[in-house]
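One structure is given below, encoded as structure tokens.
Keep in mind that what you see is a predicted model, and the values were worked out from it rather than measured. Excluded from the calculations below are hydrogen atoms, water molecules and symmetry mates; all remaining heavy atoms, backbone and side chain alike, are included.
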Amino acid sequence: MTNKIAVFLGLLIIGFFALDHFVLHWNAPLFLMRKLVALIEYLAIWR
């Protein structure tokens with residue numbers, strides 16, 4: 001991955017979260033964190 005692609009993807013992700021915060025109000029970070037917690041709990045079975 002080149003630096004240009006990494007910067008573009010980073011700006012795209014930051015832009016999505018900013019759009020969600022100011023315009024869409026979908027609570028995307030909360031949704032993603034809940035899914036991450038569920039994934040961590042699922043993977044804890046394999047310990």
Side-chain angles (χ1 to χ4, degrees):
M1 179 181 298
T2 65
N3 288 339
K4 288 182 183 181
I5 295 172
V7 168
F8 176 73
L9 287 175
L11 289 174
L12 189 68
I13 291 169
I14 290 170
F16 171 74
F17 284 122
L19 179 70
D20 177 59
H21 178 73
F22 292 113
V23 178
L24 301 175
H25 304 291
W26 286 347
N27 293 326
L30 181 65
F31 173 76
L32 291 175
M33 287 300 115
R34 285 183 179 164
K35 292 296 181 180
L36 181 62
V37 167
L39 177 65
I40 290 170
E41 289 176 359
Y42 175 75
L43 292 176
I45 295 171
W46 298 103
R47 273 200 308 185

OG1 of T2 to CZ of F8, rounded to nearest 0.5 Å, is 11.5 Å
**Item:** Whether over 12 other heavy atoms sit under 6.0 Å from F16 CZ
**Value:** yes
Between the NZ atom in K35 and the CG atom in L30, the distance rounded to the nearest 0.5 Å is 11.5 Å
- Cluster link V23 to W26, ILVMFWY, side chain under 4.5 Å: yes
Is there a path of hydrophobic side-chain contacts, each under 4.5 Å between heavy atoms, that joins F31 and L24? yes
The reported gap from CG in L12 to CD1 in I5 (rounded to nearest 0.5 angstrom) is 13.0 Å
Worksheet item: Honestly curious: do I14 and L19 fall in one hydrophobic cluster under the side-chain, below-4.5 Å linking rule?
Response: no
The reported gap from NE2 in H25 to CG in N27 (rounded to nearest 0.5 angstrom) is 9.0 Å
Closest non-hydrogen atoms of D20 and A28, given as atom of the first, atom of the second and distance, are OD2-N, 3.0 Å
**OP:** Please report the C-alpha distance between L32 and F17 in whole Å, then the side-chain angles of each, then the deciding distance to 0.1 Å, and finally whether the side chain to side chain contact (heavy atoms under 4.5 Å, CB included) criterion is met.
**Re:** CA-CA 11 Å; L32 291 175; F17 284 122; 3.6 Å; yes
